[in-house]
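Below is one structure, written out as structure tokens; the observations come after it.
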2 protein chains.
Amino acid sequence: MAADPGQALFPSRGHDHAACVAGALERAAGICARRGARLTPIRRRVLELVWASHAPIGAYDILARMEPESRRSAPATVYRALDFLMAHGFVHRLSSVNAYVGCGFPDNPHMAQFLICKECGAVAEMDEPRIEQAIGSAAAQAGFAVESPVVEVRGRCPACRKEGAPDARP
Amino acid sequence: MAADPGQALFPSRGHDHAACVAGALERAAGICARRGARLTPIRRRVLELVWASHAPIGAYDILARMEPESRRSAPATVYRALDFLMAHGFVHRLSSVNAYVGCGFPDNPHMAQFLICKECGAVAEMDEPRIEQAIGSAAAQAGFAVESPVVEVRGRCPACRKEGAPDARP
DNA sequence: TTCATTATGATATAATGTATCATCTCCGGC
DNA sequence: GCCGGAGATGATACATTATATCATAATGAA
């Protein structure tokens with residue numbers, strides 16, 4: 001199931017993130033088992049690193065954290081794993097920041113919208129029918145057939161707004 | 001003025017594109033004059049190349065088209081010109097394709113949404129209040145302060161839909 | 001086991017974007 | 001006209017992100 005509209009979207013700062021990561025890995029393993037897909041050690045490790053990062057993480061940052069000594073991986077290794085994980089909906093790519101985030105709702109395919117905090121990097125994933133509808137009807141008026149909408153909203157998350165300076169007034 | 005909701009968004013295939021380019025250059029020159037900004041030959045040339053391309057054009061493609069013989073420019077030259085043009089609203093960057101398009105409504109600042117044809121590359125720029133509102137209210141519910149929304153919709157434009165295979169059914 | 005498929009290793013290279021410092025050009029004030 | 005400062009460009013180097021290619025290894029099915 002996708003995110004419910006109106007739910008609390010940003011994780012609280014003090015939450016048990018290790019449990020998030022573990023849960024995501026477990027769900028991914030279950031989904032792969034049902035689909036006959038292979039969650040290999042490399043793919044599992046990349047998924048773990050993506051989830052472990054609070055902010056969106058770049059492919060080369062993932063690479064840098066992958067077992068520095070033993071077998072050093074090449075960029076292609078990471079990109080291949082990311083391709084697999086994206087194909088199965090376990091991670092999303094944020095093209096406005098060239099980085100990747102774990103998907104909180106991998107069970108069915110969906111086209112998410114993202115809120116990205118420019119200060120702490122926190123990301124909230126939404127699945128808002130109203131946004132999709134607004135895009136869909138505007139596109140339809142233009143005679144355009146939507147395939148994959150990219151919605152990535154830069155701004156400040158609740159926690160950073162509480163802590164820091166007031167919001168910019170443009 | 002920004003795009004009117006509901007207007008014809010994609011340029012017709014047979015339109016006089018040279019006139020589009022000339023018009024865009026003239027408008028930019030006028031705006032720069034009013035603002036005391038300098039539309040130098042390089043900036044003007046980059047703007048012209050962006051407009052002359054039907055599809056979004058990459059920085060290195062611009063570079064490749066810039067007077068091959070005489071003074072060869074460096075990447076930074078192009079990026080600096082693009083920074084200037086973006087700061088003044090003459091071009092937009094499409095981060096989902098790492099490329100740039102001319103802005104049809106440079107007179108006042110706005111946050112546009114884009115429809116990008118995956119086949120011919122045609123881009124339509126919209127300024128749909130309903131999309132902005134949907135994003136704004138979803139963000140507000142999450143306690144998020146919007147600064148710059150990125151909305152880039154990949155799909156098929158009217159002309160390509162008429163010509164080619166039927167739309168994919170996902 | 002054998003074979004086909006899939007995944008990974010390894011190397012090279014492409015594509016996109018920045019940093020830095022020197023030089024030049026333009027324009028206002030003298 | 002000249003000077004001086006700000007902004008613009010030249011030039012070089014480098015950083016970051018992503019892909020291509022071919023060889024090898026692991027997996028799973030007949």
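Quick caveat: nothing in here was measured; it's all calculated off a predicted structure. These values consider heavy atoms only, across backbone and side chains, with no hydrogens, waters or symmetry-generated copies. A note on names: the letters A, B, ... follow the listed sequences, proteins ahead of strands, and every chain is numbered from 1.
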key: Salt-bridge present (A:R13, A:E163; N to O < 4.0 Å)   = yes
inquiry  = Could you tell me how far apart A:L94 (CG) and D:dT17 (C1') are, to the nearest whole angstrom?
reply    = 15 Å
request  = Among the candidates D:dT9, C:dT8, D:dA18, find the nucleotide nearest to the side-chain atoms of B:I42.
outcome  = D:dT9
ask   = How far apart are the closest heavy atoms of A:L25 and A:L39, and which atoms are they?
value = O-CD2, 4.5 Å
request  = Indicate, with a heavy-atom threshold strictly under 4.0 Å, whether B:R38 touches base, sugar-phosphate, or nothing.
outcome  = sugar-phosphate
message = Over all strands shown, is B:R43 touching base, sugar-phosphate only, or nothing at heavy-atom distances under 4.0 angstrom?
response = sugar-phosphate
task = Would you mind reading off the distance between A:L82 atom CG and C:dA7 atom C1', rounded to a whole angstrom?
result = 15 Å
ask   = Can you tell me if the side-chain N/O atoms of B:N98 get under 4.0 Å from OP1 or OP2 in C:dG17?
value = yes
key: Gap between atoms CZ and P, on B:R80 and D:dT12 respectively (whole Å)   = 14 Å
remark   = For B:G102 and B:V50, the nearest pair of non-hydrogen atoms, with its separation, is N-CG1, 3.3 Å
remark   = To the nearest angstrom, the CZ-C1' distance between A:F84 and C:dT6 comes to 11 Å
remark   = Note: for A:G58 and B:P41 on DNA chain D, the residue whose nearest nucleotide lies more 5' is B:P41
key: Atom pair distance, as rounded to whole Å: CE in B:M86 and C1' in C:dG17   = 11 Å
query = Which of these nucleotides, D:dT17, C:dG9, C:dG17, is closest to any side-chain atom of B:P75?
reply = C:dG17
key: Interatomic distance where CD belongs to A:E67 and C1' belongs to C:dT8 [whole Å]   = 15 Å
request  = State which of D:dT9, C:dT11, C:dG17 makes the closest approach to the side chain of B:T40.
outcome  = D:dT9
query = How many Å lie between OH on B:Y60 and P on C:dT13, as a whole number?
reply = 18 Å
message = Between C1' on C:dG9 and CE on A:M66, what's the gap in Å once rounded to a whole number?
response = 12 Å
query = Taking the side chain from A:R38 and the backbone from A:C32, do they hold a donor-acceptor pair closer than 3.5 Å?
reply = no
query = Under 4.0 Å between a side-chain N or O of A:R93 and OP1 or OP2 of D:dA18?
reply = yes
ask   = Looking at A:E147 and B:R156, does any basic side-chain N land under 4.0 Å from a carboxylate oxygen?
value = no
note = Considering only heavy side-chain atoms of B:A76, the closest of D:dA18, C:dT18, C:dG9 is C:dT18
